[in-house]
Amino acid sequence: MSSVLNADTIKGKINKNIYGHFSEHLGRCIYEGIWVGEDSPIPNTNGIRNDVVDALKQIRVPVLRWPGGCFADEYHWKDGIGPRENRKRMINTHWGGVVENNHFGTHEFMELCAQIGCEPYINGNVGSGTVQEMSEWVEYLTFGGVSPMAELREENGREQPWSVTYFGVGNENWGCGGNMRPEYYADLYRQYQTYVRNYGDNRIHRIACGPNSDDYNWMDVLMREAARYMDSITLHYYTVPGTWGNKGPATGFSREEWFTTLEKALFMDELITKHSTIMDKYDPDQRIGLIVDEWGTWYDVEPGTNPGFLYQQNSLRDALVAGLTLNIFHKHCNRVRMANIAQTINVLQAVILTEGEKIALTPTYHVFDMYKVHQDAELLDLNLESGTYSAFGRSIPEVTGTASRDAEGKIHISLCNLNDESASTVTIDLRGISAASLTVTGTTLTSEELDAHNTFEQPDRIAPKPFDAFKTDGTHLVVELPSKSVTVLELV
Ligand code: AHR
């Protein structure tokens, strides 16, 4: 079985924003995970922990979505500005019923983005907020002239407006964001976005709330009624191995749960294909982007933790989910222009876990680190032929992979072997490049145990290793992928 890489055929550009993140006021994501306050003994800059910022810079986080999630449609941004000691305390009703003291607000979020060097993606409130409130937030953020909101911003210590491109008009308005019907939300979207203004040189990319998973009717109605008013539309899909009532544990799971998780994660491909077909009907020139701004695994919370905090461990299985999902996004890069894994720290498929001053990078983090070479690279035509991975009376592809060429001309191939029992040999016929003069290097992430994970005591139990199980014969690259592994090759 031979695969083919046509290195002279460019299929699209992998928008770096596919490597985006999502951080909500949920559990220990914002508070403790990011914000510790200026007086904390945990080393911080302006209240934001340094170790987390350093780790996020390392994986080149391009864009960060905030403040939710479900929290976004309950969030009133004026509660989070001004002197911190005067800010309102409220209940975070969605997530754990804990007190939200609003110490992390607009200024702190923009400071976080500046420290990471990423773009902000702000999600406005449609479910319980007003048109005026949303409009004033954009004015506060981006208006540089004389106006009530610009003056308020200056009073709070920020004279210059910020630059904000990505602005979401509501979140999950089919559910926690107001339980709306698509026709109703489409009308509200048209109304609210009218007052999301472009001030000065700032150009807002308006993002409509899209469907939950396979709700194709929601996509159809939104595109039919509101396509001309949006720049992008979202899609949310979580990989839940069991049922919502009994999702399954993050570690200590069975082989069948491994298989089912990967099978369900692969469903993202079908979802994007079908939603793209609907979008093509109304937007044949592909002006509008599809933003998968919530994706990742969702398991039962770790025993003994607040069920509303969604804290879960992260194992080799999550690394495979990340690797195969990013490969799917690459494949659809002409429509998928941004994606935001849920969520950055201590929540769901986190890239970082913290406990007090301790920090652990998860296997998912390592995949984002290994794959960052694809950011803004040209997607190349890779026709991958691999066997099937059959178990429990079902079959899925054994290997998924994509290839890209970066600005320096280096080619990167990312390959996931989903099979937990056997290595997989991939033979790639290299066309459009001279294989004879190639230098190939590689990195792989794998382990003996299905649920290998990092802890605060053993933070490096699973980490990427140099990989050299490949050979070239002048026209072919033959790679021996270990079982249950994520591998990235560089061809120079
Ligand atoms: O990411 C957790 C929650 O999942 C978000 O708040 C919501 O948008 C989704 O249902």
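Each ligand, and each atom within it, is numbered from 1 in the order the structure gives.
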message: Does the Lys NZ or Arg CZ of Arg317 fall within the cation-pi geometry relative to Phe253 - under 6.0 Å from the ring centre and within 45° of the axis?
response: yes

Is the charged tip of Arg28 near the ring of Tyr311: under 6.0 Å from the six-membered ring centre and within 45° of its axis?
yes

Atoms of ligand 1 less than 4.0 Å from [X] heavy atoms?
X      : result
Leu348 : 1 (O), 2 (C)
Cys70  : 5 (C), 6 (O), 7 (C), 8 (O)
Gln343 : 1 (O), 2 (C)
Asn171 : 8 (O)
Glu172 : 7 (C), 8 (O), 9 (C), 10 (O)

Restricting to heavy atoms, the pick from Phe71, Trp95, Phe22 nearest atom 3 (C) of ligand 1 would be Trp95

query = Any chance the rings of Phe392 and Trp258 have centres within less than 6.0 Å?
reply = no

Q.
Can you confirm if the aromatic rings of Trp162 and His107 lie within a centre distance of less than 6.0 Å?
A. yes

Nearest non-hydrogen protein atom to atom 4 (O) of ligand 1, with distance, is Glu294 OE1, 3.2 Å

Are any of the N/O atoms on [X], whether in the backbone or the side chain, positioned under 3.5 angstrom from an N/O atom of ligand 1?
X      : result
Gly69  : no
Tyr238 : yes
Trp298 : no

_Does any part of the side chain of Gln58, heavy atoms only, come nearer than 4.5 Å to the side chain of Lys372, both counted from C-beta?_
yes

*asked:* Does Asp369 form a salt bridge (Lys or Arg N to Asp or Glu O under 4.0 Å) with Arg60? I'd like the steps, not just the answer.
replied: CA-CA 8 Å; Asp369 199 21; Arg60 291 192 217 132; over 6 Å; no

message = For Trp295 and Phe329, take the angle between the two ring planes, folded into 0 to 90°, and tell me which bin it lands in: parallel under 30, tilted 30 to 60, perpendicular over 60.
response = perpendicular

